[in-house]
Every structure is written in structure tokens, then in C-alpha cells.
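As the structure is a computational prediction, the values presented were derived from the model and not from experiment.
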Amino acid sequence: MADVEKRGKFWRARWFSPDGKRESKGGFTTKKAALKFGHDQEAAIRNNTYVDPRAGKITLTEWANRWYSALDLERSTLSNYRYYIQAHILPVFGTRSLASLNAEEIGAWEKDMISLGYTAKVAREARSTLSNMLSDAIPRYLQVNPAARRRGKGRRGQRRIERIERAERPWATPLEVLLFGERCAALSGADTDFVMIISMAYTGMRWSEALGLLPGCLQGEQLRIDWKLYELESRFYRGRPKDGSIRSVDIPPFLGALIDWYLATYPPRICTCTNAEPPLCPGERYVFLGPQAGHFRRSNYSSRVVRPAADGWHPKRAGRAGRSAMPVLADMTGPLPGRPLPPWPSAAPNEDFQPPQGRGVRRLASDGKHGRCPVCGRSSLLRLDGTLIRHKVDGVACTGSGHRPPEQAVASWRAVRPGLTPHGLRHGHRTWLDDLGVQETLKSERMGHEVPGMAGVYGHIMPQWRQRLRVQLHDLWEASLRARARLDERSAVRVLEGLLAPYRASGNDLACQVPVPGRQMSSGS
């Protein structure tokens with residue numbers, strides 16, 4: 001029970017806190033006011049809204065240490081929180097008590113971050129992290145959260161712009177996916193990129209889930225997604241898919257045949273990881289690995305492959321080896337998408353374009369003195385009659401000696417879908433499912449989501465829905481191949497060259513024997 005005592009001219013209220021300690025507050029001019037305050041504190045304890053009078057004196061640094069150590073979240077989320085706390089929050093507010101923080105100065109701090117050169121996203125995420133920290137301090141240490149954004153405040157236009165930008169996140173049509181995967185493989189020089197991009201686009205897998213695919217993932221007409229592999233501080237961790245979304249995804253016939261061919265042609269290798277402590281990757285066999293058996297690194301892969309393939313431009317690069325953004329140039333003497341050349345400045349108005357040239361195979365153009373050998377592809381001097389001089393390859397005379405170099409056409413790539421990312425393939429897959437009229441329960445299962453409410457309890461998936469979806473996705477794939485064949489019946493990418501063979505008027509001269517499944521189902525099945 002609360003009680004009061006008189007201290008000189010004033011009254012003091014006394015009560016017991018939730019942990020059994022005797023608390024008090026003085027300065028009341030009447031006994032009635034002091035007693036009412038004490039009863040209010042006891043009511044707040046019963047309603048779980050009690051705030052310790054001295055709790056607000058704890059510094060933000062002290063609270064951050066307590067709060068962060070108690071979190072049980074994904075390692076990537078913890079890493080993001082740690083960055084914002086250490087780099088942006090504690091340097092400004094670390095020595096301040098929780099009770100001294102106010103909404104006005106936190107709002108000014110967010111604006112100051114942008115003026116210092118940080119992006120609006122970094123400033124927004126920093127404030128969101130601070131808001132999450134202070135929200136968990138209620139009611140023990142704070143009554144209200146000074147970092148929370150109040151509804152109806154802020155620039156309305158900016159909020160609308162953010163919503164529109166989120167809604168217009170780039171996604172790709174089936175033909176754009178095919179062209180995007182082809183370009184990725186052309187840039188890397190490996191079939192792996194093509195198969196990985198197509199697999200992600202036709203299953204809705206996340207990037208981390210594609211990296212974590214194990215050799216036994218192909219199970220009949222389904223692809224098993226059991227793990228994800230994500231990069232954090234230059235090391236790879238293996239864990240279960242986001243939100244525990246372990247699942248089996250129905251795949252169309254072509255994708256089953258393509259993955260089966262890929263696994264037979266390129267047997268899964270052991271990655272180069274050598275970590276002994278879980279959940280770090282210890283070194284396992286994976287379906288998709290880089291040329292040197294390393295995992296694909298998101299940022300590096302984006303700048304080297306994804307952005308040039310989707311945008312048609314090499315992104316700007318900073319640092320000692322920095323360069324401005326440059327268009328992707330390709331040697332178009334062969335089939336689409338051509339042989340990508342090293343980054344080269346774009347043409348300037350009213351100036352003659354100088355094509356890339358030099359020693360080696362990939363940077364070469366005939367200039368009257370030098371030409372590319374049609375056999376070995378290397379640069380060689382030309383005789384006065386325009387034929388290649390005698391030259392050797394690895395000490396053996398090249399049979400291209402004495403021949404004329406082929407004409408070289410250098411062209412720049414047009415954008416397939418500006419801003420497209422691997423995660424955009426997941427957005428595209430969901431969009432395809434909506435267009436095909438797929439049932440909500442089946443869509444949610446493929447995407448690894450839960451159906452909310454009672455629909456998730458009573459909704460189930462009928463076998464004919466799965467069969468129909470396989471046919472529909474197979475139809476999308478065949479339509480994209482036909483559209484690609486109308487652009488060019490051949491491809492510079494080995495795996496796609498084989499897939500295009502049935503669509504060539506010249507016959508079945510496969511560059512590689514990629515199985516193309518026949519129609520074993522009908523759309524009405």
C-alpha cells in the first residue's frame with residue numbers, strides 16, 4: 001500500500017516498485033496529492049505501465065549494451081544494428097540519459113546525417129534502429145518513445161515517392177529473364193550463371209537460397225529448398241531459409257531437365273570455405289559455385305555481372321582503380337549477345353569512335369596493321385596483302401596463318417531491364433503467378449510465405465493445381481525461347497546454344513547436348 005510522510009513543509013509519496021524496492025517522490029504541497037501519486041504508481045504497476053523514477057537516468061550506451069545482448073535475430077540483422085549503433089547513434093547520443101532525449105533533436109539528427117552526405121536510406125535506418133532500442137525501454141525506463149515517427153508528420157510528397165519507388169521495383173518478363181541470364185553467362189564465361197538465373201526466376205528462390213542449394217535438391221518434379229547461404233563480414237554462413245520457409249517447389253519439365261543436365265555436366269564441387277565453427281560454412285558440395293569453387297559474393301557479382309547485364313553499362317567504380325560508368329561493348333561478329341569487351345569509353349558527339357584494340361583475345365579490332373586470327377583469336381600483324389603473318393600458339397604453328405582476319409563489328413548493349421537485381425527475379429516470379437491466376441495458397445507456398453488468418457488454416461493445395469502450374473511455366477519458357485530465336489537462332493552461350501537448336505531452321509547442330517523435354521502434359525490436365 002502506498003503511504004505518505006511529511007518532510008518539512010512538503011509531503012512525500014512512498015510505494016514499492018515491481019522489484020520490491022521502496023521508492024519515493026517528494027515535493028507535494030498537500031497530503032492528498034502525495035497519496036494520489038502513490039496510488040497512481042501502484043495502478044501503473046498493476047497495468048504494466050510503471051516507469052521507474054530513476055530509470056531514465058541510464059545512459060543510451062548502457063541501455064544499448066543490455067538491449068543488443070538480449071536480441072535473438074538473424075546474424076545479418078544483428079550486423080546491421082551493430083553498424084548503426086556504433087557508427088551513428090552512440091557517437092551522438094551515447095553519453096545522454098534516456099530521459100533527456102527528445103523528438104525534436106532526434107529529428108534534427110536525422111536531417112543532419114543527410115546534409116553530411118549519407119543517403120536518406122541510411123539516415124532512415126539509423127533512426128529506425130534507435131526507435132527500436134527505445135521502444136523496448138518502455139515502460140520500465142521511458143513513458144514514450146522520442147524516436148518514433150508520428151503519423152501525419154513529415155513531407156507527404158516524400159512518403160508518396162517512397163511508396164511508389166517500392167511498388168515500381170524492377171522485375172522481368174520471361175524473355176527478359178532469358179536475355180538477362182544469357183548476358184550474365186556471356187560476361188562470366190560460364191554456364192553456371194545462366195542456369196542459376198533461370199532457376200531463380202522460375203522458382204522464386206531468394207539469392208541466398210540459390211547459393212545454398214545442395215546436390216540432392218532435385219527431387220522428381222520438385223526442387224527442395226532447405227538452406228540459405230549468406231555473406232556477412234566477408235564470411236559465409238549457412239542457415240535455414242528466411243522465416244523458416246523450408247519448402248519443395250514444383251518445377252516445370254524444362255527446368256528439371258536443365259538442372260539435371262547441369263548437375264551431370266558440372267558435378268557439384270566442394271566450396272573453398274574451411275571454417276570449423278557452425279553456422280559458418282565448413283566447406284560443402286553446392287550446386288552453384290564460381291569458377292574457382294568460391295561462393296558468389298553479392299556486391300562483387302552485382303558490379304561485374306548483374307549491372308552490366310541488366311543495364312548495358314559497367315557501373316562507376318571508385319578507388320585507385322576507379323573509372324566512370326561505361327557502356328558494355330561487345331564483338332558482334334558472332335551470335336548474340338556477342339563477346340563482351342573490356343570497359344571502353346562511349347562514343348562522343350561529333351568525334352570519331354575509336355574501337356577497343358590491343359594485345360589479347362578480347363580487346364581487338366582490325367586497324368590496317370593488326371588483325372584477329374579466325375582460328376586462335378589472337379592479334380597478329382598483317383602482310384601488305386592484308387593476310388595474317390605466320391604465327392604460333394603454344395609453340396605450334398597456327399592454321400590461321402595466311403588467312404584474312406574477319407571483319408569485326410563492335411556494338412554496345414541495350415538495357416534489358418534497368419535496375420533489375422537477383423531479388424527482382426523473385427518479384428517477377430510472383431507477378432507471373434498473379435497473371436497466370438495461381439491460387440493464393442500455392443503462391444504462398446512457392447514464395448515461402450504464410451497465408452494469414454483462417455485461410456491459412458483451412459486452405460489446401462490440390463494436385464491438379466500443381467500440374468497446371470508446371471504446364472503454364474513450361475509454356476512461358478517455350479514462348480521466351482521462340483522469341484529469343486526470332487532475334488538470333490544462335491547464341492554465344494554454350495547452354496543456350498543447345499536449347500535453341502530445335503528452333504533453328506538449319507537443323508539440330510547442337511553446340512552441347514542439352515536435353516529439351518517434350519510436351520508430356522496438356523494445359524487442360
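- Contact record, G220 with I251: O-CD1, 4.4 Å, taken as the closest heavy-atom pair.
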Worked check of side chain to side chain contact (heavy atoms under 4.5 Å, CB included) between R235 and E231: CA-CA 5 Å; R235 297 198 294 180; E231 182 184 2; over 6 Å; no
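- Using a 4.5 Å heavy-atom threshold, the side chains of C184 and Y301 count as touching.
- Under the 4.5 Å side-chain criterion, counting only non-hydrogen atoms from C-beta, S79 is not in contact with E74.
- Although no hydrogens or angles enter the test, the distance criterion places a donor-acceptor pair under 3.5 Å between the side chain of R183 and the main chain of A309.
- R466 has its side chain within reach of I461: a pair of non-hydrogen atoms, C-beta onward, lies under 4.5 Å apart.
- Atoms CD1 and CD, from I198 and E182 in turn, are 9.5 Å apart once rounded to the nearest 0.5 Å.
- Within the 4.5 Å cutoff, no side-chain heavy atoms of L229 are placed close to those of Y237.
- Remark: H403 engages no residue in a ring pair (Phe, Tyr, Trp, His ring centres under 6.0 Å) (not counting sequence neighbours).
- Using a 4.0 Å cut-off between charged nitrogen and carboxylate oxygen, D226 and R224 count as a salt-bridge pair.
- Looking at heavy atoms from C-beta onward, T421 lies out of side-chain contact with S302 at the 4.5 angstrom threshold.
- Nearest heavy-atom pair, P418 versus D311, reported as atom, atom and distance to 0.1 Å: CA-OD1, 3.3 Å.
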Step-by-step side chain to side chain contact (heavy atoms under 4.5 Å, CB included) determination, T203 to L255: CA-CA 9 Å; T203 61; L255 186 57; 3.7 Å; yes
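- A cation-pi geometry, defined here as NZ or CZ lying under 6.0 Å from the six-membered ring centre and within 45° of its normal, holds between R417 and W171.
- The backbone N or O of T441 sits nowhere less than 3.5 Å from a side-chain atom of S444 that would complete a donor-acceptor pair.
- Proximity of a side-chain donor or acceptor of T265 to a complementary backbone N or O of W261 within less than 3.5 Å is detected.
- Counting heavy atoms from C-beta on, the side chains of Y118 and H88 come closer than 4.5 Å.
- To the nearest 0.5 angstrom, L78 atom CG is 7.5 Å from R82 atom CZ.
- Between the side chains of D243 and S245, not a single donor N or O lies within less than 3.5 Å of an accepting N or O.
- Between H295 and Y286, the ring planes lie perpendicular to each other; the angle is over 60°, past the 30° to 60° tilted range.
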Test side chain to side chain contact (heavy atoms under 4.5 Å, CB included) applied to V305 and F296, step by step: CA-CA 11 Å; V305 178; F296 294 105; over 6 Å; no
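- Note that CG of L381 and CG of L388 are 9.5 Å apart. Values are rounded to the nearest 0.5 Å.
- For R504 (side chain) and E489 (main-chain N/O), a donor-acceptor pair under 3.5 Å exists by modelled atom type.
- The minimum heavy-atom distance between V306 and P422, with the atom names listed, is CG1-CD, 4.0 Å.
- Inspection of the Y262 and D191 side chains reveals no N or O donor paired with an N or O acceptor under 3.5 Å.
- Under the 3.5 Å distance criterion, the side-chain polar atoms of E209 are matched with a main-chain donor or acceptor of R206.
- Looking at D488, its side chain never comes within 3.5 Å of a backbone N or O of P335 through a donor-acceptor pair.
- A side-chain N or O of R383 and one of T387 form a donor-acceptor pair less than 3.5 Å apart.
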Stepwise ring-ring contact (aromatic ring centres under 6.0 Å, His included) check, Y202 with W432: CA-CA 9 Å; Y202 279 84; W432 300 355; 5.0 Å; yes
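- Note that CD1 of I246 and CD1 of I225 are 11.0 Å apart. Values are rounded to the nearest 0.5 Å.
- Taking each heavy atom of R285 and P268 in turn, the nearest pair found is NH1-O, 3.1 Å.
- Ion pair K443/D434 flagged as a salt bridge, since at least one NZ, NE, NH1 or NH2 atom sits closer than 4.0 Å to an Asp/Glu carboxylate oxygen.
- Counting non-hydrogen atoms of neighbouring residues, nucleotides and ligands closer than 6.0 angstrom, the NZ atom of K242 reaches no more than 12 such neighbours.
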R484/L500 under side chain to side chain contact (heavy atoms under 4.5 Å, CB included): CA gap, chis, key distance, verdict: CA-CA 8 Å; R484 170 60 180 81; L500 287 172; 4.0 Å; yes
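- Side chains of S248 and Q219: a donor-acceptor N/O pair is absent below 3.5 angstrom, by distance only.
- Checking side-chain atoms of D331 against main-chain N and O of L341 turns up no donor-acceptor pair under 3.5 Å.
- Side-chain polar atoms of H429 and R446 form a donor-acceptor pair below 3.5 angstrom.
- When every heavy atom of C373 is checked against every heavy atom of G400, the shortest pair comes out as SG-CA, 3.7 Å.
- Without hydrogens or angle criteria, R390 side chain to C398 main chain gives no donor-acceptor distance under 3.5 Å.
- Ion pairing of R494 with E497 is absent here, as no side-chain N (NZ or NE/NH1/NH2) approaches a carboxylate O to less than 4.0 Å.
- In this structure a side-chain-to-backbone donor-acceptor pair under 3.5 Å is missing from R238 to K228.
- In this structure, P337 and W413 have side chains that are in contact, with non-hydrogen atoms separated by less than 4.5 Å.
- In this structure, CG in N80 is found 8.5 Å from CG in L232, a value given to the nearest 0.5 Å.
- The backbone N or O of C281 lies less than 3.5 Å from a partner atom in the side chain of N275, making a donor-acceptor pair.
- You'll find the side chain of D193 reaches within 4.5 Å of the side chain of S188, heavy atoms only.
- One distance of note links CE of M200 with CH2 of W207; it measures 6.5 Å at 0.5 Å rounding.
- Closest approach of A123 and E110 over heavy atoms only: CB-O, 3.7 Å.
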